[in-house]
Colleague: 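Supplied in structure tokens, the structure appears directly below.
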Protein chains: 2
Amino acid sequence: MVIEEEKFRGKIQAIQDTMYVLGGKWKLPIILSIFGGNKRFNEISKSIPNITNRVLSKELKHLEENLLIKRTVIDDYPVRIEYTVTAYCFGIEKVVKQMESWGKKHREKLGLK
Amino acid sequence: MVIEEEKFRGKIQAIQDTMYVLGGKWKLPIILSIFGGNKRFNEISKSIPNITNRVLSKELKHLEENLLIKRTVIDDYPVRIEYTVTAYCFGIEKVVKQMESWGKKHREKLGLK
DNA sequence: GATACTTGTATCCTAAAGGATACTTATTCT
DNA sequence: AGAATAAGTATCCTTTAGGATACAAGTATC
């Protein structure tokens with residue numbers, strides 16, 4: 001029973017960790033946008049409906065701290081910034097796929113447009 | 001390009017829907033607890049570290065509204081309440097597995113205990 | 001010289017999530 | 001009678017998430 005308990009606590013922790021890193025309304029949409037080829041701040045901003053500059057800025061930092069994206073300063077005139085996904089980021093692919101797939105099914109289940 | 005755009009918006013929506021239903025710190029741990037055999041309010045409460053009654057109560061309602069769990073009144077003396085997962089709830093299995101698996105890897109990556 | 005664009009930051013605010021503690025109503029146990 | 005258990009609810013509070021709007025520093029364009 002103690003072993004079972006420990007396993008269960010481990011599961012809870014793993015899920016809460018994932019939620020901390022990828023949870024919320026914007027983190028995954030931002031990653032998808034960058035993954036889809038958007039590199040510049042304003043490109044990303046325009047590609048995601050209703051996101052504000054402030055939120056985008058904060059979330060980009062969070063994602064960089066968690067090693068999922070990389071911020072590169074291109075020292076051209078004018079200086080540009082490029083965001084790209086890291087190799088490590090590819091590890092979330094299955095999570096994202098499953099979430100996308102379940103979200104679609106759930107929307108149909110509820111009969112929303 | 002317009003088609004691509006629409007696909008992308010659809011992905012964002014699906015992920016945001018999933019986050020709405022399953023996101024946050026407690027919803028999945030609660031489902032796991034019930035799935036693991038805990039049926040009664042206090043059983044569930046004790047099985048999840050640090051959750052409060054108030055939060056558990058609110059989350060149970062949210063999960064019931066979203067068709068993932070069922071609340072049954074057992075009309076015995078004394079009246080008992082039993083929570084169980086629905087058949088529909090089994091559909092989230094893959095999402096949860098992936099989140100659990102990624103969370104474990106990420107914790108190792110960051111070198112936390 | 002005035003205006004616009006880029007990548008944000010600053011300020012202020014509202015809403016949602018989460019937490020601490022106490023209490024209730026009814027039964028059953030000692 | 002007094003204490004314990006069950007399944008929450010009530011109140012109040014703090015923290016985090018998210019949003020609106022304005023602005024800044026530098027270069028480029030008209």
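This one's a predicted model, so the numbers in the text were calculated from it and none came from an experiment. We name chains A, B, ... by the order of the sequence lines, and we start the count at 1 in each one.
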Colleague: Got a donor-acceptor contact below 3.5 angstrom from the A:E43 side chain to the A:R40 backbone?
Modeller: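 Yes; judged by distance alone, with no hydrogens or angles, the pair exists.
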Colleague: Give the rounded distance in Å between these two atoms: CG of A:N38 and P of C:dT7.
Modeller: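 Taking atom P of C:dT7 as the reference, CG of A:N38 is at 12 Å.
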Colleague: Between the main-chain N or O of A:S47 and the side-chain N or O of A:S33, is there a donor-acceptor pair closer than 3.5 Å?
Modeller: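 Absent.
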Colleague: Is the distance between the ring centroids of B:Y20 and A:H106 under 6.0 Å?
Modeller: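 Not under 6.0 Å, so no.
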Colleague: Is the closest basic N to carboxylate O distance between B:K104 and B:E108 below 4.0 Å?
Modeller: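 B:E108 and B:K104: not salt-bridged.
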Colleague: Are A:F35 and A:Y83 close enough that their ring centers fall under 6.0 Å?
Modeller: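 So the answer is no for these two rings.
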Colleague: Using whole Å, report how far CD1 of B:I48 lies from C1' of C:dG18.
Modeller: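 Rounded to whole Å, this separation is 14 Å.
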Colleague: So, the side chain of A:T86 versus the backbone of A:L68: is there a donor-acceptor pair under 3.5 Å, distance only?
Modeller: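 Indeed, once roles are kept as given, a pair shorter than 3.5 Å links the two residues.
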Colleague: Could you give the angle between the helix axes at the two ends of the helix from C:dG1-D:dC30 to C:dT30-D:dA1, with five pairs per end, rounded to 10 degrees?
Modeller: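 The helix from C:dG1-D:dC30 to C:dT30-D:dA1 shows an end-to-end axis angle of 10°.
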Colleague: In Å and rounded to the nearest 0.5 Å, what is the CD1 to CG distance from A:I12 to A:D17?
Modeller: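 The CG atom of A:D17 is 12.0 Å from CD1 of A:I12, to the nearest 0.5 Å.
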Colleague: Minimum heavy-atom separation for A:I51 to A:S45, with atom names?
Modeller: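 Taking every non-hydrogen atom into account, CG2-O, 3.7 Å.
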Colleague: Tabulate atom names and distances for all N/O pairs under 3.5 angstrom spanning the protein and nucleotides 6-8 of chain D.
Modeller:
{"residue": "D:dA6", "atom": "O3'", "partner": "B:R40", "partner atom": "NH2", "Å": "2.9"}
{"residue": "D:dA7", "atom": "OP1", "partner": "B:R40", "partner atom": "NE", "Å": "2.6"}
{"residue": "D:dA7", "atom": "OP1", "partner": "B:R40", "partner atom": "NH2", "Å": "2.8"}
{"residue": "D:dG8", "atom": "OP1", "partner": "B:R71", "partner atom": "NH2", "Å": "2.6"}
{"residue": "D:dG8", "atom": "OP2", "partner": "B:Y83", "partner atom": "OH", "Å": "2.9"}
{"residue": "D:dG8", "atom": "N7", "partner": "B:N53", "partner atom": "ND2", "Å": "3.0"}
{"residue": "D:dG8", "atom": "O6", "partner": "B:N53", "partner atom": "ND2", "Å": "3.4"}

Colleague: Polar-atom pairs under 3.5 Å, protein N or O versus N or O of nucleotides 15-19 of chain D: list them with distances, or write none.
Modeller:
{"residue": "D:dG18", "atom": "OP1", "partner": "A:K25", "partner atom": "N", "Å": "2.9"}
{"residue": "D:dG18", "atom": "N7", "partner": "A:R54", "partner atom": "NH1", "Å": "3.3"}
{"residue": "D:dG18", "atom": "O6", "partner": "A:R54", "partner atom": "NH2", "Å": "3.4"}
{"residue": "D:dG19", "atom": "OP1", "partner": "A:K25", "partner atom": "NZ", "Å": "3.1"}
{"residue": "D:dG19", "atom": "OP2", "partner": "A:W26", "partner atom": "NE1", "Å": "3.0"}
{"residue": "D:dG19", "atom": "N7", "partner": "A:R54", "partner atom": "NH1", "Å": "3.3"}
{"residue": "D:dG19", "atom": "O6", "partner": "A:R54", "partner atom": "NE", "Å": "2.9"}
{"residue": "D:dG19", "atom": "O6", "partner": "A:R54", "partner atom": "NH1", "Å": "3.3"}

Colleague: If I compare all heavy atoms of B:V21 with all of B:K27, which pair ends up nearest, and what's the gap?
Modeller: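 Shortest heavy-atom contact: O-CD, 3.1 Å.
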Colleague: Surrounding NZ of A:K11 (heavy atoms of other residues, nucleotides or ligands, distance under 6.0 Å), is the total greater than 12?
Modeller: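 Counting neighbours around NZ of A:K11, 12 or fewer heavy atoms of other residues, nucleotides or ligands fall under 6.0 Å, so no.
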